[in-house]
Q: 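Would you mind keeping the following structure in view while I ask a few things?
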There are 2 protein chains.
Amino acid sequence: MSLESFTYDWPRPAVTVDCVVFGLGLDGMSVLLVRRGEEPFKGSWALPGGFVREEERLEDAARRELVEETGITLSFLEQLYTFGAPERDPRGRVITVAFYALVQELEQPPLVATGDAAEAQWFTEHKLPKLAFDHASILKLARTRLQGKVSWQPIGFDLLPRLFTLSALQRLYEVVLKRPLDKRNFRRKVLALGLLVETDQLRRGPGRPAKLYRFDKEAYARAEAEGFVFEL
Amino acid sequence: MSLESFTYDWPRPAVTVDCVVFGLGLDGMSVLLVRRGEEPFKGSWALPGGFVREEERLEDAARRELVEETGITLSFLEQLYTFGAPERDPRGRVITVAFYALVQELEQPPLVATGDAAEAQWFTEHKLPKLAFDHASILKLARTRLQGKVSWQPIGFDLLPRLFTLSALQRLYEVVLKRPLDKRNFRRKVLALGLLVETDQLRRGPGRPAKLYRFDKEAYARAEAEGFVFEL
DNA sequence: TCAAAAGTGTTTCGGGTACACCCATGT
DNA sequence: ACATGGGTGTACCCGAAACACTTTTGA
């Protein structure tokens with residue numbers, strides 16, 4: 001019996017991927033949005049995303065659409081949730097697999113906007129425009145997930161440059177968790193993890209120079225393999 | 001401009017839902033499987049599931065397929081993850097939105113097997129058969145999620161009958177978390193939550209009769225609204 | 001010399017864990 | 001009377017939280 005004889009004839013929804021890309025802004029988290037160049041919702045802001053190709057893994061589709069529409073490079077990408085309400089797209093049944101992603105620096109090569117996107121831009125989470133489709137709920141869910149995940153998985157480092165100060169790390173956690181943290185407790189705890197490597201570099205600027213640290217990915221991989229849980 | 005003019009012409013994968021249904025067995029968790037009545041993998045055990053209909057929400061599809069194939073009633077259902085590897089189904093591109101679900105008692109009306117399923121049966125997690133497609137990974141992920149979620153969301157009660165003893169609750173947590181718990185500490189902690197209501201009923205059997213409790217859903221809803229987090 | 005940010009220890013409190021015996025019933 | 005599971009209190013320990021001043025640099 002050939003494989004062809006198994007082939008389904010079934011109502012097939014369209015399948016897209018959409019991506020919530022977070023960056024660390026000066027004023028809270030930032031989210032990358034694109035202005036739609038096509039109907040429906042032409043001219044509205046929306047999450048970057050698009051159709052999944054025939055032989056493409058879902059995550060690859062998300063990465064590809066992001067490069068196509070914004071030219072950005074991700075340091076973290078994970079599936080978020082699949083949204084499939086029948087009425088979520090006026091064109092008909094479109095199921096979208098949503099992802100959320102982190103980038104290390106907002107100042108990547110200036111955002112390009114191509115593909116379906118007419119424009120790409122960072123928005124701080126406090127001044128978001130109306131979003132197309134059900135993208136506002138997707139974004140909300142992604143923000144919640146980020147907040148929940150950051151304290152028990154070391155994904156925060158994906159929002160910082162490779163070398164960072166402890167104060168920068170603390171600011172990051174304060175922004176993501178939406179609450180102030182005690183400086184001394186934070187430093188003690190984060191250093192006790194044994195996952196930060198002190199470099200001999202300094203960050204200079206106003207005030208006392210600060211030691212720069214990097215996250216020791218290998219040490220984390222080893223510790224994780226032995227049942228260590230991150231927890232911050 | 002009419003909506004029709006927006007309609008996409010795009011390679012459309014088939015979309016299915018699959019469901020990992022957990023019940024509390026005598027020997028650890030049990031999972032509900034169906035024997036496939038159709039190719040591919042005809043005769044193999046698989047997760048219950050099937051195609052999403054044109055105008056159907058994903059969760060509804062999962063519920064419908066479960067009733068169709070096994071006649072079971074769920075007390076909890078949540079989306080798990082979407083599996084979309086291009087090669088996961090020999091028939092072509094099939095993306096499946098996986099769910100996991102809990103039932104309160106294994107002894108529901110005797111399992112019926114209809115639809116695509118030739119047979120439906122509970123398996124303890126320790127003696128699982130080979131599964132069709134990538135269903136083994138789906139099951140594994142669901143089991144991990146269950147374990148992770150049970151300590152900070154009161155979903156464990158969805159595995160017990162409405163009235164239960166504290167010992168039964170403890171056994172449940174021990175099974176799900178895969179570790180022994182201290183009886184006194186467990187009771188203190190769980191009662192301190194203030195979410196259990198002592199009834200005047202007793203469970204009789206060998207040994208001393210045990211008080212029966214029920215979970216106070218309303219109290220939990222109220223507490224949750226005020227920012228309370230379950231945590232056990 | 002002043003402004004700005006970095007860096008540093010100790011005490012207190014609460015929750016987590018460990019632990020062993022008596023009680024009420026059915027057989 | 002004995003087997004079976006139900007029910008109860010205390011002591012210790014460790015991690016979390018609260019808290020304020022000194023240091024180093026650039027302007």
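Throughout, a chain's letter reflects where its sequence line sits, starting with A, and its residues are numbered from 1.
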Q: Quickly work out the B:Leu181 CG to C:dC19 P distance and round it to whole Å.
A: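 In whole Å, C:dC19 P lies 15 Å from B:Leu181 CG.
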Q: Looking at D:dA16, does its base get a donor-acceptor pair with the side chain of A:Asp182 below 3.5 Å?
A: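 Donor-acceptor pair under 3.5 Å: no.
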Q: Considering just the side-chain nitrogens and oxygens of A:Arg184, establish if one lies under 4.0 Å of OP1 or OP2 belonging to C:dG9.
A: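 No, because none of the side-chain N or O atoms of A:Arg184 sits under 4.0 Å from OP1 or OP2 of C:dG9.
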Q: Starting from P on D:dT8, measure out to CG on B:Asn185 and report it in whole angstrom.
A: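 My rounded result for the distance is 14 Å.
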Q: What about B:Lys183: does its side chain form a donor-acceptor pair under 3.5 Å with the base of D:dG7?
A: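 Checked by distance alone, the answer is yes.
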Q: Can you give the donor-acceptor pairs under 3.5 Å from side chains of residues 156-177 of chain B to other protein atoms, not counting sequence neighbours?
A:
residue  : atom : partner  : partner atom : Å
B:Thr165 : OG1  : B:Ala168 : N            : 3.0
B:Ser167 : OG   : B:Arg187 : NH2          : 3.2
B:Gln170 : NE2  : B:Glu174 : OE2          : 3.2
B:Gln170 : NE2  : B:Leu181 : O            : 2.9
B:Tyr173 : OH   : B:Val150 : O            : 3.4
B:Glu174 : OE2  : B:Leu181 : N            : 2.9

Q: Whole angstroms only, please: what is the CZ-C1' distance between B:Arg179 and C:dA18?
A: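 Taking CZ of B:Arg179 and C1' of C:dA18, I get 14 Å after rounding.
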Q: Looking only at heavy atoms, what is the nearest atom pair of A:Pro48 and A:Leu32, with distance?
A: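 Residues A:Pro48 and A:Leu32, closest heavy atoms: CD-O, 3.4 Å.
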Q: Have a look at A:Arg204 and say if it touches a base, only the backbone sugar-phosphate, or nothing, with a 4.0 Å heavy-atom cut-off.
A: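 The residue A:Arg204 makes sugar-phosphate contact but no base contact.
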Q: Do the side chain of B:Arg188 and the base of D:dT10 come within less than 3.5 angstrom through a donor-acceptor pair of N or O atoms?
A: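 Indeed, a donor on one side and an acceptor on the other fall under 3.5 Å apart.
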Q: Just to confirm, is there a sub-4.0 Å distance from OP1 or OP2 of C:dA6 to any side-chain nitrogen or oxygen of A:Ser167?
A: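 Yes, A:Ser167 has a side-chain N/O under 4.0 Å of OP1/OP2 on C:dA6.
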Q: Does a distance-only test, which skips hydrogens and angles, find a donor-acceptor pair under 3.5 Å between the side chain of B:Lys211 and the base of D:dG7?
A: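 Counting by modelled atom types and ignoring angles, no donor-acceptor contact under 3.5 Å is found here.
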Q: Can you find a donor-acceptor pair, distance only, under 3.5 Å between A:Arg208 side chain and C:dA3 base?
A: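 Between C:dA3 and A:Arg208, which were checked side chain against base, a qualifying N/O pair under 3.5 Å is absent.
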Q: Go through the steps to decide whether A:Arg63 and A:Glu59 satisfy the test salt bridge (charged side-chain N to carboxylate O under 4.0 Å, His left out), and finish with yes or no.
A: CA-CA 6 Å; A:Arg63 278 216 147 74; A:Glu59 201 177 303; 3.5 Å; yes
Q: Find which nucleotide of DNA chain C each of B:Glu231 and B:Gly207 is nearest to by heavy atoms, and output the residue with the more 5' nucleotide.
A: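 So the residue in question is B:Glu231.
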Q: Whole angstroms only, please: what is the CG-C1' distance between A:Leu166 and C:dT8?
A: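 Interatomic distance, CG of A:Leu166 to C1' of C:dT8: 12 Å.
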Q: Mind calculating the distance between NZ (A:Lys189) and C1' (D:dA18) to the nearest angstrom?
A: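 Interatomic distance, NZ of A:Lys189 to C1' of D:dA18: 14 Å.
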Q: Taking atom C1' of D:dG7 as reference, at what distance in whole Å does atom CG of B:Leu169 sit?
A: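 Going from B:Leu169 (CG) to D:dG7 (C1'), I get 15 Å.
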Q: Can you tell me the distance, in whole Å, between the CD atom of B:Glu174 and the C1' atom of D:dG5?
A: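 To the nearest whole Å, that distance equals 14 Å.
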Q: Given atom CG of B:Leu191 and atom P of D:dG7, what is their separation to the nearest angstrom?
A: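 For the pair B:Leu191 CG and D:dG7 P, the rounded distance is 10 Å.
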Q: Below 30° counts as parallel, above 60° as perpendicular, anything between as tilted: where do the rings of A:Phe228 and A:Tyr220 land?
A: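 Geometry flag for A:Tyr220 against A:Phe228: perpendicular rings.
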Q: Of all the heavy-atom pairs spanning B:Ile155 and B:Phe76, show the shortest one and how long it is.
A: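 Taking every non-hydrogen atom into account, CG2-CE1, 3.6 Å.
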